Amino acid sequence: MNRIVLRAMAVLARRDFIATVVSRTFLLFLIAPIFPLLFGLVFGAVGAKVGHDVHASRIAVIAPQETGAAMVEAQRRIADIGGSAAGLMLSPIPPGDNPEAQARALLSGKDAPAAVLVVAGDNARLFGSTGSAANFREPVAWLLDEARRDIARGAHHIPNPPPRRITLVETGISAAASPRDLTTLAQGAQTLLFVLTLMLAGVLISNFVEEKANKVIEVLAAAVPVPVIFLGKLLAMLGSSLVGVTVWGGTAALGLMLFLPAGGPPLPVPAVGWPLFAVLSLLYFSMNYLLVGALLLGIGAQAASIRQIQTLSLPVTMAQLLLYGFAASAIGDPDGPIGLASALFPFSSPLAMIARAAALPDIWPHLATLAWQALWVAITVGLMARAFRRGVLKSGPVRSSRKAAAAT
Amino acid sequence: MPLAVEAKGLVKRYGDRAVVDGVSLAVPEGAIYGVLGPNGAGKTTTLRMLMGILEPDEGSRTILGHERPLEMSQQIGYLPEERGLYPAMTPREAIAFLGALRGLSWAEGRARADQLLAANGLGGAARRPIRQLSKGMAQTVQLLGSLVHRPRLIVLDEPFSGLDPLNQSRLEALIRAERDRGATVLFSTHVMGHAERLCERLAIIAGGRVRFEGRVDEARGRLAARVHLITRASGGPWRTALPADAVSGVDGWRFELPAGGIEPLLQQLIDGGAGIESLSIERPSLHDAFVAIVGAEAAAEEEAA
């Protein structure tokens, strides 16, 4: 694509983006999911308070018995006040010969705690998986402070009060996450990706209605190649959707900070780590949106009326559910035949690969499949544009100059 | 003279029916060129093929020297037969948008839109949504949108339809101004008056084929001039001087101008005692030429339309 065509695509995308985002209906679109989200958070917070013992993050404390008891008592006392330490459940464990090995064994074992605090003399170390352990540093430090105050008041008779500083010892990516945790994370990420795409890309099926109704399509087709019109529309709607996702994500984060200051139950760390997982989630959402969106845009563009579009919506949704089912069936075995097939089939690939990112740490398959998916976005847009030229504009395929000359 | 548009043997079929059947056109650069034809003649399909919206099944076209019209998109302005604008946009934004699609910057597009709208009596409506404008105003906005980037080639499909006489005159002036600027203007119409006043060359299309291609006077030259004669005498030897095709009506005689000219006939009528009250030579109009070229059947369709 040359610079002129890219510029025309940007002009079209800008028009569609502004027409979508700068409208009252978009405000409604943004607000609509926020209410259920807020209600969910409010009720979730209530539920978390009521049942925090059940859902609290378990921290194993390998420390002298008195120190452990002081921390447990401090935690009980402040549990009702709330705050970050309220969501913790402490499990004091007597220290063995090698507390560090003991901590690592606990973290890699079955039903591993979220983190392990080792207190020995004036040394306190918090063991946990990379990314996750740091979340517990502040609430654990708070508990240690409280325990120290209690000791200073004479509530406990301990010759050596617990230390002030905590050293963080990260034991590696997802070391704390069990296979079951990672499967849950993979399912969650895949479902979220699917639901977001289903919710947001669905509008693309009716995206050409405006141009066809207003007869603008001929003006556009005379100025810009049809695939560029398709890409412009897709990018505009992807942009609008990302605005929506950002607003909802931001609202959810704000809600979590307000209603669940302890952050709720800790999430297992994805195999590729949180930062890369976040980037991959964004990329796979974009690819899934563009792939499904290109299909929907093309199918919708063929429809002659709103009635036809409404009729098409159900089979299209069913097809998306099938793809979701296909990708979901491979979660347990991403390198098995179904896993590979769902990663290779372009329309299930983003869903399969986000699940893989949660479970397996290798990076190169993601680079390869992202390129593969981008290729299929181009292929799908090309095919849909050709179908549009034939079916709607009643044109034939664009002939090469040589063929045209030969025909004359 | 270099050609702005050259089409050779364009064919477009829908099913078994050839809507355009071997159309060839040669539009010189800097000319105002008309494509005339009755409804359903294939004018719009021909223009859509020239614009690259439709691909021809056979034949080739060259637009400003390029075989693919979209490659020259920035130098072409196009007004389709089915007008289309986003109704929520203001005229100013719509014109800037159409200019931006053809490579103009938004800022430049808005500045030119303001000028064009003011010059065409729409300055007051520049910031109102298009949905609030009349059909004629919206049509003018779209026309201005096809001119905003100052294209080398302007293709207008039935630009006069839907305009009142005042706006039709304004559009004629605008087309002449664009030609004077150096642009080539190619437009389709089935109203002969516009073509007669504007076009240097034209093609008459009917049934998907070009029936005539050339200058307006050449089209009119296809028909002989006619003589309208009114005499005081109703009978006499002068009657033998009349040509065989002379037809008598309530307002006198009508016949084709004889091949030998009017003077010998005039002498015979005077000598024969016709008592000439009036004699006029009527040059055929483009309408007459069109009717003769396209045929009575197509003319009837045009009348019905």
Side-chain angles (χ1 to χ4, degrees), chain A residues 1-20 22-25 208-229 232 385-386 388-408, chain B residues 8-14 19 44-45 47-62 66-71 73-74 76-89 93-94 96-106 109 130-131 142 145-146 149 155 157:
Chain A
M1 261 192 266
N2 61 31
R3 196 175 55 83
I4 294 167
V5 171
L6 280 174
R7 194 176 177 282
M9 185 169 71
V11 169
L12 287 169
R14 177 189 184 274
R15 202 298 309 179
D16 271 27
F17 181 79
I18 290 175
T20 306
V22 187
S23 68
R24 285 180 201 142
T25 45
F208 257 116
V209 169
E210 187 183 11
E211 277 75 11
K212 284 165 80 177
N214 295 332
K215 320 275 187 198
V216 180
I217 189 63
E218 192 171 342
V219 180
L220 303 184
V224 183
V226 175
V228 175
I229 302 175
R386 184 180 290 188
F388 183 75
R389 282 184 70 92
R390 279 179 185 277
V392 181
L393 296 179
K394 305 290 180 198
S395 176
V398 178
R399 293 186 303 166
S400 69
S401 307
R402 199 178 294 167
K403 273 187 186 172
T408 324
Chain B
K8 288 180 183 169
L10 292 179
V11 174
K12 188 72 196 170
R13 293 188 196 89
Y14 293 132
V19 180
T44 293
T45 306
L47 294 189
R48 283 177 176 169
M49 283 193 281
L50 294 178
M51 289 293 91
I53 298 166
L54 298 179
E55 283 300 311
D57 294 324
E58 288 175 32
S60 66
R61 79 285 210 210
T62 308
H66 285 69
E67 289 177 357
R68 293 189 177 168
L70 287 176
E71 286 175 1
S73 162
Q74 295 190 307
I76 300 173
Y78 175 56
L79 177 76
E81 183 190 23
E82 291 188 329
R83 318 288 189 240
L85 291 167
Y86 292 106
M89 271 185 170
E93 281 300 297
F97 168 70
L98 293 171
L101 272 184
R102 305 272 186 183
L104 203 63
S105 75
W106 283 93
I130 286 169
R131 71 166 73 87
Q142 186 157 9
S146 67
H149 55 298
V155 178
D157 195 356

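Below, all heavy atoms of this structure are taken into account, side chains as well, without hydrogens, waters or symmetry copies. The sequence lines fix the lettering, A, B, ..., with proteins before strands; numbering per chain opens at 1. Please read these numbers as outputs of a predicted model, since none were measured by experiment.
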Can you tell me how far [atom2] of [Y] sits from [atom1] of [X], rounded to the nearest 0.5 angstrom?
X         : Y         : atom1 : atom2 : result
Ile18(A)  : Met89(B)  : CD1   : CE    : 8.0 Å
Ile4(A)   : Leu101(B) : CD1   : CG    : 13.0 Å
Lys215(A) : Leu85(B)  : NZ    : CG    : 13.0 Å

Identify the two heavy atoms, one from [X] and one from [Y], that lie closest to each other, and give their separation to 0.1 Å.
X        : Y         : value
Pro80(B) : Val219(A) : CG-CG2, 3.8 Å
Ser73(B) : Ala223(A) : OG-O, 2.8 Å
Ile53(B) : Glu218(A) : CD1-CG, 3.6 Å

Exercise. Who among Arg83(B), Arg48(B), Met51(B) has the most heavy-atom pairs with chain A under 4.5 Å?
Worked result: Arg48(B)
For this session: Pick whichever of Ala88(B), Pro87(B), Ser146(B) has the most heavy-atom pairs under 4.5 Å with chain A.
Result: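 So the answer, after comparing Ala88(B), Pro87(B), Ser146(B), is Pro87(B).
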Of the backbone (N, CA, C, O) and the side chain (C-beta and beyond), which part of [X] lies under 4.5 Å from a heavy atom of chain A, both, or neither?
X         : answer
Phe97(B)  : both
Leu98(B)  : side chain
Ser105(B) : both
Ala100(B) : both

Exercise. Are the side chain of Arg7(A) and the backbone of Leu104(B) linked by a donor-acceptor contact shorter than 3.5 Å?
Worked result: yes
For this session: Could you list the residues that satisfy salt bridge (Lys or Arg N to Asp or Glu O under 4.0 Å) with Arg13(B), not counting sequence neighbours?
Result: Glu58(B)
